[in-house]
Amino acid sequence: MSRKFTQIAFTPAVKAAQEQRGSRETYARFEQNGPENDTVTPEIEDFIAQLDGFYLGTVSSNGYPYIQFRGGSPGFLKVLDRKTLGFADFKGNIQYVTVGNLSENDKAFLFLMDYRHRKRLKIWGRATYVEGDTQLIERLKISGYEAEIERAILFHIEAWNWNCPQHIPIRYSQQEVDAMQARIAELEQLLANTNQLS
Ligand SMILES: Cc1cc2nc3c(=O)[nH]c(=O)nc-3n(C[C@H](O)[C@H](O)[C@H](O)COP(=O)(O)O)c2cc1C
């Protein structure tokens with residue numbers, strides 16, 4: 001079974017670069033092997049559920065790529081079905097670069113990075129934005145998170161590919177650091193109490 005991400009990412013120029021540098025044969029075999037990679041697996045669903053941010057890439061009409069970071073509470077990127085992800089798009093700096101790009105080219109890219117567990121996932125697909133659909137917004141909203149929601153963005157998955165963890169620095173979220181500091185304080189108190197007793 002052909003791997004879908006290679007059909008998108010391995011353009012003739014990419015294949016020529018692989019050929020020139022000696023990796024084409026390996027990747028030609030890779031294209032023929034392995035499972036389908038265009039639907040959400042249980043591993044991907046779990047990975048997405050704990051993400052508190054991701055990078056969304058779109059294409060400008062002048063050919064430049066454009067990447068914007070989106071942050072929120074863990075789970076704000078939602079799996080709507082096996083081929084569709086969605087998130088509530090917050091009001092920002094009102095440049096509307098992503099929305100403008102998507103209005104004329106729906107090709108998009110998600111770069112999902114979990115620094116804590118050194119895992120990253122690339123997803124190619126098509127993105128659309130939906131304005132004024134209160135039911136959809138309600139479905140994507142995370143209660144308790146302070147942000148003005150302007151629209152929904154839906155991402156239709158065409159292909160995904162896990163990357164190896166190499167060179168990913170380990171980073172902890174503020175929430176994780178807070179939990180660790182609270183635990184340290186607790187243990188220090190316990191130690192102080194024990195020392196007083198002895
Ligand atoms: C007051 C405010 C100022 C912001 N300034 C910037 C900025 O200078 N650069 C940036 O990349 N994002 C900035 N952001 C975040 C973006 O506005 C936000 O991610 C938005 O979705 C960007 O969409 P766009 O990049 O598609 O235009 C800002 C957000 C707010 C609320």
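Order of appearance sets the numbers: ligands from 1, and atoms from 1 within every ligand. All values below were derived from every heavy atom in this structure, side-chain atoms included, with hydrogens, water molecules and symmetry-related copies excluded.
- Within the 4.5 Å cutoff, the side chain of L136 has heavy atoms near those of the L154 side chain.
- Heavy atoms only, all atoms of each residue included: F10 and K15 are closest at O-CE, 3.5 Å.
- Partners of E25 by salt bridge (Lys or Arg N to Asp or Glu O under 4.0 Å), not counting sequence neighbours, listed by chain and number: R29.
- Applying the 4.5 Å side-chain rule to ILVMFWY residues, one finds I170, Y172, M180 in the same cluster as V177.
- Judged as a salt bridge (Lys or Arg N to Asp or Glu O under 4.0 Å), and not counting sequence neighbours, R118 has no contacts.
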Between ligand 1 and the protein, tabulate every N or O atom pair separated by less than 3.5 Å, reporting distance only.
{"unit_1": "ligand 1", "atom_1": "11 (O)", "unit_2": "Q68", "atom_2": "NE2", "d": "3.3"}
{"unit_1": "ligand 1", "atom_1": "17 (O)", "unit_2": "N93", "atom_2": "N", "d": "2.5"}
{"unit_1": "ligand 1", "atom_1": "17 (O)", "unit_2": "N93", "atom_2": "OD1", "d": "3.0"}
{"unit_1": "ligand 1", "atom_1": "21 (O)", "unit_2": "R70", "atom_2": "NH1", "d": "3.3"}
{"unit_1": "ligand 1", "atom_1": "25 (O)", "unit_2": "Y66", "atom_2": "OH", "d": "2.5"}
{"unit_1": "ligand 1", "atom_1": "25 (O)", "unit_2": "Q68", "atom_2": "NE2", "d": "2.7"}
{"unit_1": "ligand 1", "atom_1": "26 (O)", "unit_2": "R70", "atom_2": "NH2", "d": "3.4"}
{"unit_1": "ligand 1", "atom_1": "26 (O)", "unit_2": "T98", "atom_2": "N", "d": "2.7"}
{"unit_1": "ligand 1", "atom_1": "26 (O)", "unit_2": "T98", "atom_2": "OG1", "d": "2.4"}
{"unit_1": "ligand 1", "atom_1": "27 (O)", "unit_2": "Y96", "atom_2": "N", "d": "3.1"}
{"unit_1": "ligand 1", "atom_1": "27 (O)", "unit_2": "V97", "atom_2": "N", "d": "2.8"}

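- Without hydrogens or angle criteria, D89 side chain to R151 main chain gives no donor-acceptor distance under 3.5 Å.
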